[in-house]
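To start, the structure itself, in structure tokens.
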Amino acid sequence: MPTQTRKPFLLDFEKPLCELESRIAQIRELAAENNVDVSAQIQELEAKAVQLRQEIFSALTPSQRLQLARHPRRPSTLDYIQAICDDWFEMHGDRGGYDDPALVGGVARLDGKPVVILGHQKGRDTKDNVARNFGMASPGGYRKAMRLMDHANRFQMPIITLIDTPGAWAGVDAEKLGQGEAIAYNLREMFALDVPILCTVIGEGGSGGALGIGVGDRLMMFEHSVYTVATPEACAAILWKDASRSPQAASALKITAWDLKELGIIDQILPEPSSGAHADPLGAAQNLKKALLENLQDLLSLSAKQRRDLRYQKFRQMGKYTLA
Amino acid sequence: MSLFDWFANRQKSEPVTQKRQEREIADGLWSKCEACGVLAYTKDLQANQMVCSECNHHLRVDSDERIRQLIDAKTWKPLNEEISPIDPLSFKDRKAYKDRLSDYQQKTGLTDAVQTGTGLLDGLPVALGVMDFRFMGGSMGSVVGEKLCRLIEYGTQEGLPVVIICASGGARMQEGMLSLMQMAKISGALEHHRREKLLYIPVLTHPTTGGVTASFAMLGDFILAEPKATIGFAGRRVIEQTLREKLPDDFQSAEYLLKYGFVDAIVPRTQLKATLAQLISLHQLSPIAPGHHHNGDRVHYQHHNEPKKIHRDAMQVLEETD
């Protein structure tokens, strides 16, 4: 039963819904065994489930959304690539001595047209996560990403980046190899690329580690994804001197797709299936593909220079200040 | 009177009590080196650009002092001073961001954590940005981003080299994602500046970390650093906690970055102006004669236009002689 396998990953606020769903399944089973017609009751309960789902998912707090964004079953970069692309060929290595498993990418076809697609890759389970370093990319990962984007630029392929990281890797090696420089270089060079760049936060957009592949012509976010300047946990520890205040920090930092749309940072919110992307990965992938194709069509009608200028203008207007 | 008595009397006649010492430090008459503890007459220390003459420790300097050290007298023209911070998220942690801002504004006399402007550096026109660590740890929010962006754009438009003195803990959390996006915005401005083949030199001072390191601090044609400055992406404590291991003493120091190839040179503060002048003049086709830009005491904007013109003229001369 799917509810059984999903159980270990149930989030607190998903529980009432899950209980109701398993009750419906139970009644159905009992009815089938005893040969009684309970379709009226089931219909009623199902309507109730739909309503409950809507109530729960429309009233999520920022820290609940953060939980959803980090959901272990949330579709990852490679899941989306598999679901929306054909002819996928993964590229490896930064040509400087390292291949980062936390940042993956390659060439593929999207709706028949060649693209370069890349993103942070989290693991499925603990073992996989250790191998993927929990989606925290190293300097070599950002340099591999840049290598792929340069490739796209040379062969006139649009670039699609999928963002899903708690942040760039903070370790001794990362510092030694210039984590700051690797991200900074991407920030500057992504403004210089001629081809269209579409960036989507599919899960967790963690600070500079997210931005390192996040400069594009369009910034999109799935509705239950988050994008933060610092993780709410870190922010609570620094500003409140108390890591347990992280739900409060999550609200104060304005990390949800709606907040960021209002602040003029993202362009578009991608809808998720009614119980979140993890409940229906293929549904989420369809929404992503549709948005990518629509935006690509717009962007391909512009010249390279227009795109570069508009890209700069887009980031140029970000920020709030007064001329007092 | 033996020599010993003389010393004993001298101590008696001039008792420097701790109280008095503290008062004089507070008056700003004397300054104590935070590294070796030696007391120095503040005026002497300033004359030595706030570098301890005993141990060579570089004490923190504020943005005004930094501008005085780098820009020729009476040639500084501030840009965009009117840009001031607001509280876009109505952010409140243990204290409201609004209150924090006005406290720091009062304490420092600055509107936010950066001063930008143009001036002459040993006679060479330059667009200079100076971050001020006193203002909320030099953190980068919308104002820092906007002022640096406008400075770089001005440099691009006027053909000026850009120098930015970095001193920052990183992005300003109180402005959330707006702060993070300043990293991209400034990097974009630098891309345009670079496209015009203009020189950009960041100078990394203590401390340069987080979002500043992951953007404009690391994008220089040359990257200079002050001795022993802490420079890094992630905080040292964060790394220590994640890895549960003791980090080497020189980890994330200017010297460490030099060793691993991320800065070009560690330049003592007393030689910074001369070094910048050397690098800038090496990248101009025609050296600019000192005094060329002076019109009495004041320097006007149009004088700063000259490098581009001179650059072009020189190119023309080169082409004609071909």
Side-chain angles (χ1 to χ4, degrees), chain A residues 167-172 174-192 205 207-212 214-215 227-230 234-236 238-241 245 248-249 252-255 259-260 263-265 308 311-312 315-324, chain B residues 82-86 88-89 91-94 111-112 141-143 145-146 149 171-185 187-192 194-195 210-211 213-219 231-235 238-239 242-243 245 247-248 251-252 256-257 260-262:
Chain A
W169 172 232
V172 179
E175 295 290 328
K176 205 187 272 181
L177 295 172
Q179 188 68 282
E181 193 275 345
I183 293 172
Y185 185 84
N186 287 14
L187 297 187
R188 187 185 68 204
E189 293 307 308
M190 286 179 89
F191 280 104
S207 194
L211 192 60
V215 176
Y227 202 169
T228 62
V229 62
C235 175
I238 295 166
L239 293 183
W240 277 268
K241 315 267 176 221
R245 304 295 283 274
Q248 207 172 332
L253 284 170
K254 306 285 182 219
I255 62 175
D259 288 330
L260 296 175
L263 284 170
I265 286 171
R308 280 201 320 262
R311 192 181 305 149
Y312 182 60
F315 282 87
R316 186 67 190 79
Q317 53 79 34
M318 291 181 192
K320 305 246 186 248
Y321 52 85
T322 171
L323 301 174
Chain B
E82 69 286 359
I83 299 178
S84 308
I86 57 170
L89 309 186
F91 195 97
K92 187 170 183 291
D93 45 82
R94 290 178 306 161
T111 52
D112 207 305
S142 299
V143 172
E146 184 65 23
C149 229
R172 186 174 295 170
M173 276 184 272
Q174 287 88 345
E175 291 184 28
M177 281 294 291
L178 292 168
S179 299
L180 189 78
M181 290 304 172
Q182 304 310 312
M183 293 165 62
K185 179 168 140 181
S187 304
L190 285 172
E191 199 278 319
H192 289 181
R194 182 182 172 84
R195 210 174 259 263
T213 301
S215 59
F216 58 91
M218 283 290 154
L219 292 175
I231 304 157
F233 174 66
V238 176
I239 300 173
T242 0
L243 301 181
E245 65 179 77
L247 299 169
F251 186 62
Q252 293 186 328
Y256 181 88
L257 268 83
Y260 289 104
F262 288 98

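Chain letters run A, B, ... following the sequence lines, proteins first and then strands; every chain starts at 1. The basis for the numbers below is simple: all heavy atoms, side chains too, and nothing from hydrogens, waters or symmetry mates.
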Taking every non-hydrogen atom, the tightest pair across [X] and [Y]:
X        : Y        : result
A/Ala230 : B/Met173 : CB-SD, 3.9 Å
B/Ala184 : A/Phe315 : CB-CD2, 3.7 Å
B/Leu89  : A/Ala252 : CD1-O, 3.8 Å
A/Gln179 : B/Phe233 : CG-CD2, 3.4 Å
B/Met218 : A/Ala184 : CB-CB, 4.1 Å
A/Gly208 : B/Leu180 : N-CD1, 3.6 Å

Name the region of [X], side chain, backbone, both or neither, that has any atom closer than 4.5 Å to a heavy atom of chain B.
X        : result
A/Leu263 : both
A/Thr228 : backbone
A/Leu260 : side chain
A/Gln248 : neither
A/Val172 : both

note = Residue set satisfying ring pair (Phe, Tyr, Trp, His ring centres under 6.0 Å) with A/Tyr185, at least two apart, ordered chain then number -> none
task = Applying side-chain hydrogen bond (donor to acceptor under 3.5 Å, both in side chains), name anything that partners B/Lys185, two or more places apart in sequence or on another chain.
result =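 Counting only residues at least two positions away or on another chain, B/Lys185 forms a side-chain hydrogen bond (donor to acceptor under 3.5 Å, both in side chains) with B/Glu146, B/Gln182.
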request  = Give the intermediate values and the outcome of side chain to side chain contact (heavy atoms under 4.5 Å, CB included) for residues B/Phe91 and A/Leu253.
outcome  = CA-CA 8 Å; B/Phe91 195 97; A/Leu253 284 170; 3.9 Å; yes
So, does [X] use its side chain to make a donor-acceptor pair with the main chain of [Y] at under 3.5 Å?
X        : Y        : value
B/Ser142 : A/Lys320 : yes
B/Gln252 : A/Glu175 : no
A/Glu181 : B/Phe262 : no

Flag if over 12 foreign heavy atoms under 6.0 Å of CZ, A/Arg308 = yes
request  = Let me know if B/Tyr256 has heavy atoms under 4.5 Å from chain A in its side chain, its backbone, both or neither.
outcome  = side chain
remark   = Of the listed B/Ala171, B/Gly210, B/Ala189, the one with the largest count of heavy-atom pairs under 4.5 Å with chain A is B/Ala189
